[in-house]
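What you are looking at is a predicted structure, and each value in this text was computed from that prediction instead of being measured. Chain identifiers are assigned alphabetically (A, B, ...) following the order of the sequence lines, protein sequences preceding nucleic acid strands; residue numbering begins at 1 within each chain.
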Amino acid sequence: MYEFNGIVIFFILGLLMPIGALIGAYILAPTKSSPQKYLTYECGLDTRGETWVQFKICYFLYALVFLVFDVETIFLYPWAVTFQQLGTFAFVEMFIFIAILIIGFVYAWKEGALEWF
Amino acid sequence: MGLEAISFLVLAIITLSSALALVLSRNIVHSALFLILSFVGVAGLYLLMQANFLAAVQILVYGGAIAIILVFGVMLTQREDMSSTNLFNKQKGLALLVASVLLMVISRVIWLTKWGSITTIKTTVHNIATVMLQQYVLPFEIVAILLLVAMIGAIVLAKKVEKAS
């Protein structure tokens with residue numbers, strides 16, 4: 001447990017920073033309000049229509065590709081930590097691992113899964 | 001009360017209250033966000049048990065990828081009113097039945113488990129890396145192929161949907 005004290009300090013600081021920013025804004029900000037201030041901000045333009053709209057399926061493809069590479073990261077993590085002890089063989093192994101996944105990435109690219117429109 | 005007990009209590013409260021908020025929330029997007037918080041709480045509990053690799057996996061996969069898939073799933077489906085979209089909010093009787101059966105199963109397992117003190121391993125990551133990259137080389141590479149198949153399959157399916165719509 002005591003090895004993770006750093007994480008606790010990090011967590012507490014991470015919690016205090018936004019709270020501090022909010023309190024600071026609360027104290028310092030002028031309280032004069034106008035209807036324009038309550039409008040939803042969207043790149044400076046007036047918002048139009050409903051907020052909850054159906055999204056295009058192509059965004060979902062990004063999520064799927066992200067998921068696969070996220071799982072790949074899990075396998076990279078122990079390898080990266082013990083990289084120096086494991087030697088060349090593990091390096092080659094990981095290279096093959098990544099190469100196989102890059103085939104999938106190339107396929108996704110070719111199929112236009114990474115195109116917006 | 002030691003530091004460990006306090007940490008456990010804080011994490012348990014975060015995990016359980018966010019899980020409860022997930023079930024009780026009327027807006028399904030809020031439910032998804034509470035689910036992420038619950039996942040992160042569980043990751044903290046793993047960390048408390050010295051299982052640092054598992055904690056990293058929990059945050060990366062559950063807190064990151066699964067949560068994103070879930071939020072995307074919500075975003076892709078169209079609804080008129082988002083304020084009361086949590087479907088599971090209305091099926092209290094069924095939920096009670098399923099939850100009590102699950103509780104019974106878990107209680108049985110807890111009852112049968114022999115509780116004892118465990119020897120804490122300093123770092124689990126090194127052991128996992130050694131086993132994964134030296135002992136089970138072939139299964140490790142097969143995992144890559146499995147991921148490849150999953151990715152290609154997902155793209156093929158999603159492309160088919162996109163063409164149909």
Side-chain angles (χ1 to χ4, degrees), chain A residues 1-5 7-8 11 50-83 85-87 89-94 96-114, chain B residues 2-4 7 29 44 47-50 52-53 55-57 60-61 64-66 68-69 71-73 75-83 85 120 122-134 137 140-141 143-145 147-152 154-159 161-162 165:
Chain A
M1 173 62 211
Y2 298 102
E3 294 160 39
F4 297 116
N5 279 349
I7 293 176
V8 175
F11 192 75
E50 289 287 309
T51 314
W52 302 107
V53 291
Q54 192 176 13
F55 281 71
K56 274 179 79 180
I57 192 87
C58 60
Y59 298 111
F60 195 61
L61 282 170
Y62 271 88
L64 290 172
V65 174
F66 167 69
L67 181 73
V68 171
F69 282 99
D70 203 41
V71 174
E72 188 203 346
T73 316
I74 290 160
F75 290 98
L76 280 173
Y77 167 48
W79 171 74
V81 169
T82 46
F83 175 63
Q85 286 113 295
L86 288 171
F89 183 61
F91 184 74
V92 174
E93 237 176 289
M94 192 47 83
I96 296 165
F97 185 82
I98 295 168
I100 291 169
L101 280 164
I102 280 183
I103 296 168
F105 185 65
V106 169
Y107 178 75
W109 202 328
K110 198 187 116 263
E111 282 293 297
L114 304 174
Chain B
L3 191 64
E4 216 168 326
S7 316
V29 179
L47 214 56
L48 212 58
M49 288 186 279
Q50 305 266 359
N52 41 17
F53 179 69
V57 169
L60 270 174
V61 173
I66 300 283
I68 277 181
I69 289 287
V71 170
F72 266 101
M75 279 175 163
L76 287 167
T77 52
Q78 187 154 36
R79 293 188 182 85
E80 296 89 49
D81 186 23
M82 211 62 195
S83 56
T85 39
T120 48
K122 269 276 173 198
T123 49
T124 51
V125 188
H126 286 81
N127 298 342
I128 289 167
T130 319
V131 168
M132 195 171 75
L133 293 163
Q134 285 179 341
V137 178
F140 174 68
E141 299 298 347
V143 163
I145 292 169
L147 283 172
L148 179 71
V149 169
M151 182 150 78
I152 290 172
I155 289 164
V156 166
L157 284 175
K159 275 277 151 191
V161 172
E162 199 180 19
S165 64

Interatomic distance, CD@A:Glu93 vs CD@B:Gln134, rounded to 0.5 Å, equals 8.0 Å
Exercise: identify the closest heavy-atom pair between B:Ala129 and A:Pro78: CB-O, 3.4 Å
Scanning both residues in full, the closest heavy-atom pair of A:Gln85 with B:His126 reads NE2-CD2, 3.6 Å
Tell me, do B:Met151 and A:Tyr107 make a side-chain contact under 4.5 Å, heavy atoms counted? no
Considering all heavy atoms of both residues, which atom of B:Ile155 and which atom of A:Ala108 are nearest to each other, and what is their separation? CD1-CB, 3.3 Å
What closest approach, in Å, do A:Phe66 and B:Ala65 show between heavy atoms, and which atom pair accounts for it? CE2-CA, 3.8 Å
Beyond-backbone contact of A:Leu64 with B:Phe72, side-chain heavy atoms, under 4.5 angstrom: no
Segment of A:Phe97 engaging chain B (4.5 angstrom heavy-atom cut-off): both
Distance-minimising heavy-atom pair for A:Ile100 and B:Leu148: O-CD1, 3.3 Å
Relative to chain B, which segment of A:Phe83 carries a heavy atom at a distance below 4.5 Å: side chain, backbone, both, or neither? neither
What residue, out of A:Val71, A:Ile74, A:Thr73, has the most heavy-atom pairs lying under 4.5 Å from chain B? A:Ile74
Heavy-atom pairs under 4.5 Å with chain A are the metric here; pick the option from B:Thr130, B:Val71, B:Ile128, B:Val143 that has the most. B:Val143
Segment of B:Ala154 engaging chain A (4.5 angstrom heavy-atom cut-off): both
Close side-chain approach of B:Leu147 to A:Leu101, heavy-atom, < 4.5 Å: yes
